[in-house]
Peer 1: 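Here you go, one structure.
Every value quoted in this text rests on a predicted model; they were computed, and no experiment measured them. Residue numbers start from 1 in every chain, and the chains themselves are labelled A, B, ... in the order their sequence lines are given, proteins ahead of strands.
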Amino acid sequence: MNIKTFVKKAGPYVYMVPAMAVFAVFLFFPFFKTIYLSLYKTNKMGQAKLYVGLLNYADLLNSPSFFNSLLVTAIFVVIVVSVSMLLGLIAAVLCSKTFPGIRIFSTAYALPMAIASSSAAMIFKIMLHPSIGIVNKILGFHINWISDPKYALACVALLTAWLNSGINFLYFSAGLSNIDETIYERASVDGANSIQRFFFLTLPGLSPIMFYTLVVNIIQAFQSFGQVKVLTQGGPGESTNLIVYSIYRDAFFNYRFGSAAAQSVLLFLIIMILTLCMFRLEKKGVSY
Amino acid sequence: MASLSFVNVCKTYKNGLTVVKDFNLDIKDREFLILVGPSGCGKSMTLRMIAGLEDITSGELWIDGQLMNMTSPQSRDLSMVFQSYALYPHLTVYQNMAFGLKVHKVPKDEIEKRVGRAAEILHISHLLDRKPSALSGGQKQRVAIGSVIVRQPKAYLMDEPLSNLDAKLRSQMRVELAKIHRELGATIIYVTHDQVEAMTLGTRIVVMNSGVIQQAASPNDIYENPVNKFVAGFIGSPSMNFFPVWVARRGEKICLEFGKNKLIANEICSKRLVEDGYVGRRVYLGIRPEDFHEEGPEEQKILFDVEMKEVLGAEILFHGRINREEICVRLSPNVKAEPGERLPVYVDMDRIKLFDMDTEQNIIYV
């Protein structure tokens with residue numbers, strides 16, 4: 001092989017080196033290190049000390065606390081994904097019409113995505129305060145929203161849904177602008193009312209973007225952390241102990257890096273399997 | 001089926017631009033009305049106002065004796081073919097055609113029957129399971145027409161429905177549309193800029209320009225008896241030739257003179273020109289390309305310089321100039337003349353049109 005053909009063949013790979021280097025440092029190395037750590041007992045510095053094989057996984061699968069985390073996370077994800085997508089969709093449909101001041105509304109609906117989750121959580125903490133919070137003042141209740149296990153998870157989930165609704169609004173707005181306006185005109189001349197137009201045209205027209213949004217939202221919801229950390233710290237009891245928060249607690253409070261790594265690997269597997277299932281479903285459910 | 005009535009309908013945009021001005025027209029039940037005119041003349045806008053897709057700025061639109069200005073499109077019971085097809089991309093051809101029936105809650109077996117029949121008429125039975133993305137332009141347009149004819153609304157609105165079909169399919173579809181009109185006894189309002197469609201399909205043609213109705217009459221009337229120079233020039237392909245000519249009295253006769261050419265007007269023209277005081281003034285002489293002949297009396301002869309010829313098989317179109325005016329002449333293929341030659345042709349003086357220089361109105365309009 002002469003130099004020319006070598007350069008020709010190696011060229012494309014050379015171009016990929018910078019990107020791959022970044023991925024390697026920030027993604028592949030932590031990923032494989034996590035798998036490695038999940039097979040060990042570690043010291044307080046997080047260094048692998050004792051090889052235990054799958055013992056960390058076995059411990060997790062026997063731990064009611066882990067299953068509680070899974071259940072809490074599942075409920076959390078369902079609330080967050082459904083509410084945030086619904087909010088985003090409603091806002092996007094409202095803003096798809098042109099009327100004076102539309103830009104102000106659009107900006108307002110998209111704003112949550114610009115707010116850091118922890119600062120939003122701080123604001124919610126004050127709003128939900130049992131004695132001085134605006135929520136109780138307006139509703140006339142005396143509920144301790146964050147400290148009551150009945151309400152804590154819903155509060156964190158609704159906060160997260162609101163935060164995620166901003167980006168969903170953007171996705172859906174983009175999706176709506178891709179739908180040809182004349183098909184609505186034809187449908188209205190054909191006799192379809194606005195509800196029929198929404199269900200027969202808008203929803204199917206949005207299905208590709210809706211699928212994408214669903215996948216992104218589920219992954220995002222699984223990884224929520226900041227709001228839990230600020231608002232409830234996993235409590236009261238373990239009622240808001242989402243997997244990611246549980247990983248954080250295991251690693252940095254209990255110094256059980258091995259168990260935390262094993263939880264991370266399981267979380268990765270759960271998200272991967274869910275995503276694969278959704279891609280399978282996409283072929284059936286998404287129009288076009 | 002329905003009759004429609006426009007009373008002083010105007011459409012003005014917010015920026016003050018008026019696209020339809022004082023539109024007055026009665027469309028009878030079962031009429032096949034054609035709206036023709038150049039791009040931007042307001043014909044599509046008129047159609048959209050009928051459909052309810054555009055607000056009427058002023059005036060009244062009546063359908064079957066009911067004022068429709070404030071009625072929403074879905075309550076007007078009309079059906080429309082859009083120029084851009086407007087097919088639902090996520091639905092199959094069958095579902096596209098059935099959509100209008102489905103929202104009107106027509107029973108399933110009835111939907112199947114009607115879609116099947118329409119698909120047969122339009123030769124798209126083999127495409128019913130396809131999505132619009134897998135169709136060619138012509139097929140999409142046929143589906144769009146199919147979606148409309150499966151319904152039996154008060155009136156069908158069609159916005160250049162044949163514009164994307166190839167020549168053969170277009171002529172086939174013209175025949176089919178004429179058949180559909182006859183069979184369904186439907187009121188059809190049809191926008192086009194295709195002369196052949198306008199002349200062959202319409203029971204009445206409305207020629208529009210700059211948002212104003214120029215003439216509304218039967219195809220034959222529009223062709224033979226255009227109200228003004230615009231209509232005369234717009235209808236007919238190739239379009240009518242116009243020459244500014246002097247009206248002069250030569251002895252007993254009234255002559256139309258331009259350059260070295262001198263044509264003697266017939267009795268009717270002469271009488272009208274004299275009565276209306278056109279002698280000694282200039283008017284526009286309009287001659288259709290087919291009103292030139294290879295032979296004829298000497299006083300109807302004019303000479304023109306051939307610049308180009310188009311051999312169309314059954315006829316030849318000669319393009320050239322008389323003085324500085326462009327001229328197009330349609331002659332039989334026997335005529336042998338090449339670009340650069342000077343060709344004598346004879347004008348059928350019974351078929352000429354004369355237009356006022358200022359108002360451009362037809363002087364011999366009856």
Side-chain angles (χ1 to χ4, degrees), chain A residues 85 88-89 92-94 96-103 171-215 278-288, chain B residues 14 44 47-54 68 71-92 95-106 130-134 140 143-159 161 189:
Chain A
M85 285 182 68
L89 181 64
V93 170
L94 287 177
S96 66
K97 307 263 180 290
T98 45
F99 53 87
I102 180 77
R103 280 175 190 280
Y171 288 142
F172 288 135
S173 292
L176 283 175
S177 64
N178 267 342
I179 302 177
D180 184 6
E181 191 60 35
T182 54
I183 67 170
Y184 288 106
E185 293 186 340
R186 184 190 142 191
S188 60
V189 179
D190 274 345
N193 58 34
S194 49
I195 295 168
Q196 286 171 319
R197 288 202 293 272
F198 178 77
F199 283 103
F200 292 152
L201 304 182
T202 307
L203 277 189
L206 278 180
S207 61
I209 200 93
M210 207 171 268
F211 170 75
Y212 170 77
T213 313
L214 184 70
V215 172
M278 283 189 291
F279 273 100
R280 275 281 163 84
L281 283 176
E282 182 208 4
K283 292 195 178 88
K284 284 186 190 166
V286 175
S287 310
Y288 288 78
Chain B
K14 274 182 191 154
S44 289
L47 203 69
R48 290 173 63 81
M49 285 196 286
I50 300 173
L53 300 172
E54 297 284 346
M68 283 288 157
T71 309
S72 65
Q74 64 258 34
S75 310
R76 295 192 184 198
D77 192 18
L78 302 168
S79 200
M80 182 164 173
V81 182
F82 290 82
Q83 197 178 356
S84 58
Y85 323 120
L87 299 181
Y88 308 123
H90 56 285
L91 301 182
T92 62
Q95 291 165 330
N96 258 286
M97 289 170 72
F99 186 86
L101 299 171
K102 197 174 144 193
V103 294
H104 279 97
K105 303 207 163 53
V106 175
R130 288 203 199 162
K131 291 266 176 80
S133 55
K140 281 182 191 168
V143 176
I145 295 172
S147 316
V148 163
I149 63 173
V150 291
R151 283 187 54 212
Q152 281 150 9
K154 284 184 177 165
Y156 296 92
L157 311 176
M158 301 191 179
D159 193 355
I189 301 155

Peer 1: Are any of the side-chain heavy atoms of I179(A) and P89(B) separated by less than 4.5 Å?
Peer 2: no

Peer 1: Nearest 0.5 angstrom please: S72(B) OG to N193(A) CG, how far?
Peer 2: 9.5 Å

Peer 1: Heavy-atom pairs under 4.5 Å with chain A - which of N96(B), L91(B), V81(B), L157(B) has more of them than the others?
Peer 2: N96(B)

Peer 1: Provide the closest heavy-atom pair for S188(A) versus L53(B) in the form atom of the first, atom of the second, distance.
Peer 2: OG-CD2, 3.8 Å

Peer 1: Looking only at heavy atoms, what is the nearest atom pair of A51(B) and V189(A), with distance?
Peer 2: CB-CG2, 4.1 Å

Peer 1: Working to the nearest 0.5 Å, report the span between CG of L201(A) and CZ of F99(B).
Peer 2: 4.5 Å

Peer 1: Tell me, side chain or backbone of F200(A) under 4.5 Å from chain B's heavy atoms, or both, or neither?
Peer 2: both

Peer 1: Using salt bridge (charged side-chain N to carboxylate O under 4.0 Å, His left out) as the criterion, list what pairs up with D159(B), not counting sequence neighbours.
Peer 2: none

Peer 1: Between P204(A) and H90(B), what is the shortest heavy-atom contact and its length?
Peer 2: CB-CD2, 3.2 Å

Peer 1: Roughly how far apart are F82(B) CZ and I183(A) CD1, rounded to 0.5 Å?
Peer 2: 11.0 Å

Peer 1: Heavy-atom cut-off 4.5 Å, strictly under: side chain, backbone, both or neither for S79(B) against chain A?
Peer 2: both

Peer 1: Provide the full list of salt bridge (charged side-chain N to carboxylate O under 4.0 Å, His left out) pairs with a residue in residues 188-201 of chain A, sequence neighbours left out, each pair given once.
Peer 2: R186(A)-D190(A), D190(A)-R151(B)

Peer 1: Please examine the side chains of K102(B) and Q196(A), heavy atoms only from C-beta on, and report whether any two atoms are closer than 4.5 Å.
Peer 2: no

Peer 1: Does atom OH of Y212(A) have more than 12 heavy-atom neighbours, drawn from other residues, nucleotides or ligands, at distances under 6.0 Å?
Peer 2: no

